[in-house]
Number of protein chains: 2
Amino acid sequence: MAKVSFREQVLQAREDAIVDAVNRLLAEKGFDLMTVDEVVADVGIAKASLYKHFSSKEELAAAAMVRVLERALAELARLREQPGSALDKLKAVARWTMQVQLAGEMPSLPAQNSSLRAALTGHKLYMDRLLTLSDELGEWIGAAQADGSLRPDLPPEIVLYTLFARACDPVLALLKAGGQHSDAQIIEMLLTTCFGGLAGS
Amino acid sequence: MAKVSFREQVLQAREDAIVDAVNRLLAEKGFDLMTVDEVVADVGIAKASLYKHFSSKEELAAAAMVRVLERALAELARLREQPGSALDKLKAVARWTMQVQLAGEMPSLPAQNSSLRAALTGHKLYMDRLLTLSDELGEWIGAAQADGSLRPDLPPEIVLYTLFARACDPVLALLKAGGQHSDAQIIEMLLTTCFGGLAGS
DNA sequence: GTCTATAAAGCGATAGAC
DNA sequence: GTCTATCGCTTTATAGAC
């Protein structure tokens, strides 16, 4: 059992507060428009202090991503204990993902930023969590394709990417901005289009 | 008939070259990472010269968006002359959209950038083309819902936004980066998931 | 480790000569 | 209208006192 001093707890709490702020700002403005000055203003510390905890802006983004991936893994563990088919669980994951996004808690990173990509692919903890999540979802995808509840003719990676893409689906924000539907209605409709498609009978 | 001097033709050609470069850079790096310095280096002119044609970086992005919207409107006009149901035409539009993206010709603008949003919503030409495109697609959506080939229970706006979202679907780039499938295969599979959904029989 | 102060670089946009 | 040169500002990141 690790001995954790009071001092270390305080530091940990401060890092949590930093990641909290980063997560919210990433969800609100995205990586490119988020500035480190905003983060420190939000937390109420000096910039130099932040750089004692995290060595770069990219590290901040990676920390936020690790935390949301671990939240997702916790959700998967919870679903694994629940009754229901593999397809049910995949739908539940998609629903959870969209709930997080609508709650303004989903960090959004631009896929085009190469320095950020390099930092993420070189980040051990981030890559580990991402691969673990992909593997666990891959098992459910395989099971659902085996029992025919998910199209067996689709490569599993397409299913996986399509589910991941729900986390940053711009349709969610557009519908929310329209103000015509409740969050729950938006999510259920997008679940319909995601799994059932746009086409009719 | 307007009298167009040779001088004006040269200026128009230069503006076209600028928008060409902007369009490619927007597709490659996105608005935030694109710099005006890169644009002028690409075109081979001085920065001050560019600002004689376009008053801001946001104006550049708007010009690129206007051009791609007009390309889309031309594609719609072409499809209108072709045989096929409303659903067929909507699928063809989605296919065209994804082809443009895979060709690296689809400018990508961040929805979170508020100064850019303000510039676009205040840009008459951009708004006109966007609304025209939405209206024309809306007619096909209504027709397809009326004949049951598109789910009639979905609000038309969701269908519209879902089609628009194919233009910036990150799944396309992920699959292309994977290198396992040809562009045509990627597009056909995503058409399947978009209209038919992930679920099986 | 935290702060103030500042370095170093990149950015959008403009002045002024031609 | 085009150029060179530069302004003015923002940003990431760090130095050095405490």
Side-chain angles (χ1 to χ4, degrees), chain A residues 4-19 21-22 25-26 28-64 109-110 112-120 123, chain B residues 4-19 21-22 25-26 28-64 107 109-110 112-120 122-123:
Chain A
V4 178
S5 72
F6 175 72
R7 181 176 189 83
E8 282 165 343
Q9 285 184 36
V10 170
L11 290 184
Q12 183 61 45
R14 171 152 288 192
E15 289 200 0
D16 284 346
I18 294 173
V19 178
V22 170
L25 287 169
L26 282 180
E28 183 187 329
K29 328 181 62 169
F31 181 79
D32 294 326
L33 266 57
M34 178 188 81
T35 69
V36 179
D37 281 324
E38 287 173 325
V39 176
V40 298
D42 217 71
V43 180
I45 60 173
K47 189 151 51 171
S49 304
L50 182 144
Y51 276 97
K52 296 286 182 178
H53 294 273
F54 301 93
S55 63
S56 69
K57 186 184 175 184
E58 284 78 10
E59 282 286 323
L60 286 176
L109 304 184
Q112 296 145 324
N113 188 325
S114 59
S115 77
L116 177 59
R117 282 188 72 86
L120 286 179
H123 195 282
Chain B
V4 178
S5 71
F6 175 72
R7 181 177 190 81
E8 282 165 342
Q9 283 184 40
V10 171
L11 291 184
Q12 183 60 46
R14 171 153 288 189
E15 289 200 0
D16 283 346
I18 293 173
V19 178
V22 169
L25 287 169
L26 282 181
E28 182 187 329
K29 327 182 62 170
F31 181 79
D32 294 327
L33 266 59
M34 178 188 83
T35 69
V36 179
D37 282 321
E38 286 172 324
V39 176
V40 298
D42 218 70
V43 181
I45 59 174
K47 188 150 58 169
S49 305
L50 182 144
Y51 276 98
K52 296 285 183 181
H53 293 274
F54 299 93
S55 62
S56 69
K57 185 183 177 187
E58 284 79 10
E59 282 285 325
L60 287 176
L109 304 184
Q112 295 145 325
N113 189 323
S114 59
S115 78
L116 178 59
R117 283 187 72 85
L120 286 178
H123 194 282

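Chain naming here is simple, since letters A, B, ... match the order of the sequence lines and numbering starts at 1 in each.
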At less than 4.0 Å, is any side-chain N or O atom of A:Y51 found next to OP1 or OP2 of D:dT14? Yes or no. no

Residue-phosphate contact under 4.0 Å: A:R14 side-chain N/O, C:dT2 OP1/OP2: yes

Are the side chain of A:E15 and the backbone N or O of A:Q12 linked by a donor-acceptor pair below 3.5 Å? no

Could you tell me whether the side chain of A:K57 and the main chain of A:L116 form a donor-acceptor pair under 3.5 Å? no

Nucleotide nearest [X] (side chain, heavy atoms from C-beta), chosen from [options]:
X	options	answer
B:K47	C:dG1, C:dA13, D:dC3	C:dA13
A:A48	D:dA15, D:dT2, D:dT11	D:dA15
B:T35	D:dT11, C:dC11, D:dA13	C:dC11

Under 4.0 angstrom, heavy atoms only, what part of the nucleic acid is [X] near: base, sugar-phosphate, or nothing?
X	answer
A:S56	sugar-phosphate
B:K52	base
A:S49	base

Using the closest heavy atom to pick a nucleotide of DNA chain D for each, name whichever of B:A46 or A:L33 lands nearer the 5' end. B:A46

Nearest-Å distance, [atom1] ([X]) to [atom2] ([N])?
X	N	atom1	atom2	answer
B:M34	C:dG10	CE	P	18 Å
A:F54	D:dA13	CZ	P	14 Å
B:D32	D:dT10	CG	P	17 Å
B:Q12	D:dG1	CD	C1'	15 Å
A:I45	C:dA5	CD1	P	18 Å
B:K29	C:dC11	NZ	P	8 Å
A:L25	D:dT12	CG	P	11 Å

Rounded to the nearest 0.5 Å, how far does CG of A:L120 lie from CD of A:E58? 8.5 Å

Any A:P110 side-chain heavy atom under 4.5 Å of B:L33 side chain: no

Please tell me if the side chains of B:F54 and B:V22 come closer than 4.5 Å, counting only heavy atoms from C-beta onward. no

